[in-house]
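Counting from 1, the numbers follow the sequence of the chain as shown. Atoms within each ligand, like the ligands themselves, are counted from 1 in listed order. Side chains are part of it too, since the values below use all heavy atoms of this structure and drop only hydrogens, waters and symmetry mates.
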Amino acid sequence: MASGEESILVSVRLRPVNAREAERGDGSDWECAGPTTLMFRGNIPERAMFPATYTYDRVFNPECNTCQVYEEGAKQVAMSVLSGINSSIFAYGQTSSGKTYTMVGITERSMSDIYDYIDKHPEREFGLKFSAMEIYNEAVRDLLNPDATQLRLLDDPEKGTVVEKLTEETLRDKGHLLELLAVCEAQRQIGETALNETSSRSHQILRLTIESSAKQFMGRGNSRTLMACVNFVDLAGSERASQTQSAGMRLKEGSHINRSLLTLGKVIRQLSKGGNGHIPYRDSKLTRILQSSLGGNAKTAIICTMSPAQCHIEQSRNTLLFANCAKNVVTNAQVNVVMSDKVLVKHLQRELARLENELKFPGSASCSTHAEVLREKDELIKQLEEQLKELMEQRDTFQSQLDNFRRVASDGNIDERTTRRWDEQNRSSDSLPRNMSEDLLSSSDTYDASYEDQDDLGSKSLDTSHVCNGHHHDLEIPKGTTKPHQQTTDEHSVSGLHQQRSHISDSIEVYQASSMPSSELLVEHCNEVIDSDHDGIDIDEDKHGERMTADTTDSAIKLYACDSDPSSDTEKPNNDEFLGLKRCVISSRDSVLTRSKSCRASFMVIPNSWFDASMDMKMTTPGDIFKYAPPIRPEKVRRSLYPENGDCQNDLSLDCSVASEGVTSDTVVDTNTCNNEEEGKINDISCIPEVKEKVEKWRASQLEGNQCTLTGGCSDMKNAKEVGTDTSMTTVESPSRWPINFEKKQKEIIELWHECNVSIVHRTYFFLLFKGDKADNIYLEVEHRRLTFIKGSFSAAVTSSLRNLRNERDMLYRQMLKKLHLVERESLYTKWGIDVNSKQRRLQLSRRIWTQTNMEHVRESAALVAKLVEHLEKGQAIKEMFGLSFTLNPRADRRSFGWQ
Ligand SMILES: Nc1ncnc2c1ncn2[C@@H]1O[C@H](COP(=O)(O)OP(=O)(O)OP(=O)(O)O)[C@@H](O)[C@H]1O
């Protein structure tokens, strides 16, 4: 059976023996042998000529009520009208067999269920129309308009047979429908016969047309408008005139009834045969009107009603034969998608809008979203372009300054006049030259002349941050004055030292900040060492601050943040006492330590893991302490650098808060005492004999004016020479040699990292950041010299820093669980030659990272560490943090170091 085709649902209902039949003793010869089987049990002579058993879709015995008949024999067909499928329910049978009785019940129940369905589907809009007609004596009458004359049947090419001018009432509600049903009942032709007091003398067709559509546009599939009708057909009963004892009008009625039923039987018989034979629909008005319901576009259910009485055996057999034929009739029900003009216009308007949008934004389901995404991406591209431009400008500026600086430095010593100028300028301006004019450094050839024009340089109000951002450190370097003046803890010593170096200190100090990272870092390292020794003292910052405020020590040297807000420098140091960067180095008694910014900048310190925090090495390094905050301060980077160091974070935040509260330098100084018992010797670095010795040695070399350059020639730097490093920062390198030199220097640095047990994270940062750009030369130089210096000078520290390295490895070991999936880890074990089934695989892996110096191992180590240490991956590190942003360890801010 093709899709949509289905047989007519045929049921047989056997009514109970009525009173009249019972009176006659006309018992039932029929028995329902099951839900689908009817058997004849009568004992008549012609019994052998007819089958004794009949099977249908459903057989209802006399005890079955109409509800059951409806549910099992009609409901499914009736309700299909709600899905846009035409349907018809017939009652066929002899007169007084119970057709009307059955159809009234089925119609009412169907109407009730249809309204229930409508109530449960508020998302759809339903339109119900009702019409009713009867075919009486082969004339079609409008039951809703009794005054109307006989209705004509018209043939519509689309709709088929149409009853002209048939009243079609739009239903307001269920009550309205019941009213109309009552009207129909009242209007129907009924006559009394011998068999039925209220015999229906006409075929009645009640038609309910339902149109439904979604209330809102729900997409193409769900927005169809459906329209279908359900016919409730109560046929007039076939009758024998002899039985009905009809005459006259009743006889005429019976003859019309029988004729139309005969045609119906023919049509059904013909349809049941299938094939393309002629179907005599037009032989009766009944079959013309019901044409679509009989083998057409409809679902059909026929309920054949029977009287059980023996006297109606012949009529009953005819009914059953009709039912047998009907069983074989196949209908082809289709969903009727019908659009009214209004609905069609709406639908087309929606479709037009949709197609227009599709044309405007092809391939996009959500046009507005698509446009938004495009706009956002455009903006992002613009921002990135601007950032790139700025960065390139910064790089170019810095590069040109560096080149100028090299040229100036290579021209020889800066003369006395120049140095004096610096002094005068600094003193007269009551502030340092906060920003070196780029013009000043634009050309070494015109340096002097340019400088002459810069008399008012110091008075220029320039942003302090420029001084500290690492871009203006490129001052002249007087040869032979390779080390900065050294602030001591002794006021007189400080003063004396200042006087000795009054002509050169400014420029040297500035230069130091930019080109002598090793010494700065050493200070940091020492700070860390001492800080670690005095953790117990540092814990209670508040008490500590109070104590030390009362115990002010003149000999301490305060660290004055270079990037501190100038406006906050309420107590600026006496200019006469300071020859250097006043904003960076001041006397403890002169000012309050203001470093709300510097404490942040201090994060840029390279991890000093090669100095074991616990080692008992009291030392510091020559040189004043300068802090140059980088232009960018990646907060996240610093955290990732010390992922496990919660104390560090605490210290940092504490540091900031202390600074903002205006803690005096004495507080800072106190933290530098060698131990609790020696608080009186606050900040006197001489309490550390080893350090003192080193300092003295270094100072002696400075005073002798030896030939070492600022960065490479001092005695402490001899190791740098030994390893063949080009220690002159001023050497201008040929660009063509750079790739070779880079590789060489990179390898040496890697070796040095290995030897000095440098922090793994630091190595990774550095390795990933500097990949061979020419402009990176300075960073490599700085790193190389720093490591060389450390290696040669602080072997104890190098050894003891192993512990920190182990801590780092432990951190990485833990990070592996967080950052790597099982599959990734297993693949790494294999890659690194670790048995995936071995115990402590992660630990083994963490112990292998950065343990060799060959490039492949280094690359893999760096890649792995970058993955484990979150922010390394995101490229938030900046190069300046390794070279020109030499700031102090945050904890170092709380103490100062002086040089005697
Ligand atoms: N299943 C039934 N249970 C009880 N009574 C029934 C049943 N079927 C019919 N009757 C009763 O039988 C009588 C005749 O029924 P009905 O008028 O429905 O027959 P009909 O087939 O419509 O007759 P006609 O063709 O003459 O109109 C009615 O009084 C009706 O109440």
Problem set entry | ligand 1 contact on Pro62 by region, counting heavy-atom pairs under 4.0 Å | neither
For this session: Could you tell me which atoms of ligand 1, counted from 1 in the order shown, lie closer than 4.0 angstrom to a heavy atom of Gln94?
Result: 21 (O)
Exercise. Would Arg259 and Glu138 pass as an ion pair if we require N to O under 4.0 Å?
Worked result: no
For this session: Of all the heavy-atom pairs spanning Ser307 and Ser316, show the shortest one and how long it is.
Result: O-OG, 3.3 Å
Seminar exercise, completed: Under 4.0 Å from one or more heavy atoms of Gly237, ligand 1 contributes atoms 25 (O)
Problem set entry | Distance-minimising heavy-atom pair for Asn86 and Cys229 | OD1-N, 3.0 Å
Problem set entry | Ile302 CD1 to Phe322 CZ distance, which is reported to the nearest 0.5 Å | 4.5 Å
For this session: Using distance alone, decide if ligand 1 has a nitrogen or oxygen within less than 3.5 Å of any nitrogen or oxygen in Thr305.
Result: no
Problem set entry | Arg188 versus Ser202, closest heavy-atom pair with distance | NH2-O, 2.5 Å
Seminar exercise, completed: Checking heavy-atom distances from atom 4 (C) of ligand 1 to each of Tyr92, Phe60, Tyr101, the winner is Tyr101
Exercise. N/O to N/O below 3.5 Å, does that happen between Ser200 and ligand 1?
Worked result: yes
Exercise. Just checking, any donor-acceptor pair under 3.5 angstrom between side chains of Lys327 and Ser272?
Worked result: no
Problem set entry | Contact with ligand 1 for Arg201, non-hydrogen, under 4.0 angstrom | no
Exercise. Strictly under 4.0 Å, does any heavy atom of Gly93 approach an atom of ligand 1?
Worked result: no
Problem set entry | Test of proximity, Leu235 against ligand 1: N or O pairs below 3.5 Å | no
For this session: Before signing off on this row, confirm whether Arg15 and ligand 1 have an N or O atom pair separated by under 3.5 Å.
Result: no
Problem set entry | For the student: nearest non-hydrogen atoms of Leu294 and Leu264, plus distance | CD1-CD1, 3.6 Å
